[in-house]
Amino acid sequence: MPKTLEGQITMEKTPSYFVTREAPARIYAMSRDTKLIVVVRDPVTRAISDYTQTLSKKPDIPSFETLTFKNRTTGLIDTSWSAIQIGIYAKHLDNWLQYFPMRQILFVSGERLISDPAGELGRVQDFLGLKRIITDKHFYFNQTKGFPCLKKAEGSSRPHCLGKTKGRTHPNIDPEVVQRLRDFYRPFNMKFYQMTGRVFGWDD
């Protein structure tokens with residue numbers, strides 16, 4: 001990590017931290033005052049998105065349905081598949097809470113980042129003790145990508161949108177498989193809502 005001077009905040013982003021077992025102890029050893037921001041989304045949608053990304057790189061992988069189940073007949077979910085395991089947020093949070101109190105962890109809703117980016121980033125700015133500078137006026141919704149974009153990126157006169165790897169069209173998944181996954185994640189989601197004090201609405 002670079003040296004942080006008085007009045008500065010240093011941020012570092014790595015998607016795998018939250019699900020890496022050794023990460024909390026290592027980060028705590030570096031700085032126990034670290035604040036943690038985690039973006040989460042509906043674990044079923046997240047698993048399908050994960051699969052879609054892998055499929056774009058390896059078109060010959062088995063179907064989503066095949067990878068989801070250890071046994072399709074009994075409906076037993078394969079929790080060893082990373083696409084499924086990552087969405088068991090309560091389990092990962094348990095690991096982090098052994099080192100960091102909840103007041104140092106902010107969970108950001110991936111769905112609200114799309115529907116209300118300024119509102120969700122307002123929570124981030126408050127959490128970091130920053131003045132609310134980013135507001136609605138900084139965003140416009142890109143109909144093609146289905147995501148909000150920055151009207152003007154810092155140091156540029158042009159708008160900035162997420163890259164081409166974001167907003168890919170998901171493959172059609174058997175609705176029965178989607179429902180089975182919803183049933184699987186429900187108890188974990190409920191525990192996660194209790195732990196964080198926030199209902200993310202993935203089970204509506």
Side-chain angles (χ1 to χ4, degrees), residues 11 13-19 35-56 64 68 77 81-94 96 102 104-128 130 132-151 159-175 177-204:
M11 300 187 79
K13 179 190 79 152
T14 300
S16 60
Y17 280 159
F18 186 57
V19 298
K35 286 187 172 183
L36 306 151
I37 300 171
V38 187
V39 179
V40 289
R41 65 189 294 201
D42 179 336
V44 177
T45 310
R46 206 219 67 77
I48 296 169
S49 180
D50 191 313
Y51 174 79
T52 304
Q53 186 169 346
T54 306
L55 187 65
S56 71
F64 180 84
T68 296
I77 303 287
W81 183 30
S82 63
I84 300 293
Q85 191 185 109
I86 289 170
I88 307 174
Y89 302 131
K91 174 186 151 193
H92 305 306
L93 179 53
D94 264 334
W96 283 90
M102 261 314 297
Q104 282 176 237
I105 310 174
L106 178 71
F107 286 93
V108 173
S109 163
E111 288 81 13
R112 281 183 57 82
L113 265 183
I114 295 171
S115 65
D116 179 21
E120 207 61 7
L121 285 172
R123 293 180 65 244
V124 172
Q125 291 170 97
D126 292 347
F127 175 68
L128 295 174
L130 299 171
R132 284 200 178 200
I133 290 172
I134 302 168
T135 63
D136 282 325
K137 69 180 183 185
H138 291 93
F139 297 96
Y140 75 95
F141 192 80
N142 183 308
Q143 297 289 349
T144 308
K145 290 198 76 68
F147 284 104
C149 300
L150 277 171
K151 283 184 179 170
H160 177 74
C161 289
L162 293 170
K164 61 183 178 182
T165 61
K166 302 294 180 186
R168 285 195 188 99
T169 303
H170 290 175
N172 289 323
I173 307 297
D174 182 341
V177 173
V178 172
Q179 188 54 53
R180 181 69 192 87
L181 276 174
R182 295 218 171 280
D183 294 341
F184 166 77
Y185 279 120
R186 190 169 290 110
F188 296 111
N189 290 345
M190 293 303 165
K191 185 183 177 189
F192 184 63
Y193 298 168
Q194 286 179 332
M195 294 168 84
T196 60
R198 186 177 186 188
V199 176
F200 288 86
W202 300 322
D203 304 282
D204 297 344

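Here the CD1-OH distance, from Ile37 to Tyr17, works out to 13.5 Å after rounding to the nearest 0.5 Å. Taking CD from Glu111 and CG from Asp42, the interatomic distance works out to 6.0 Å, rounded to the nearest 0.5 Å. Taking CD of Gln53 as the start and NE2 of His170 as the end, the distance is 9.5 Å to the nearest 0.5 Å. Rounding to the nearest 0.5 Å gives a distance of 13.5 Å between CZ of Phe188 and CG of Leu93.
A salt bridge links Asp183 with Arg186: at least one charged nitrogen is closer than 4.0 Å to a carboxylate oxygen.
Side-chain atoms of Tyr89 come within 3.5 Å of backbone N or O of Arg41 as a donor-acceptor pair. Side-chain atoms of Arg46 come within 3.5 Å of backbone N or O of Ala83 as a donor-acceptor pair. Here the side chain of Glu120 pairs no donor or acceptor atom with the backbone of Asp116 at under 3.5 angstrom. With hydrogens and angles ignored, the 3.5 Å screen pairs no side-chain donor or acceptor of Ser49 with any backbone N or O of Thr45.
Checked options Leu181, Val178, Asp174; the residue passing with Phe64 is Leu181 (criterion: side-chain contact (heavy atoms from CB on, under 4.5 Å)).
Between Val39 and Gly110, the shortest heavy-atom contact is CG1-CA, 3.9 Å. Nearest heavy atoms, Met102 versus Met195: CG-O, 3.8 Å. The minimum heavy-atom distance linking Pro43 with Gly87 is given by the pair CB-O, 3.6 Å. Among all heavy-atom pairs drawn from Trp202 and Tyr193, the shortest one is N-OH, 3.0 Å.
Between Phe107 and Phe200, a ring centre-to-centre spacing not shorter than 6.0 Å is recorded.
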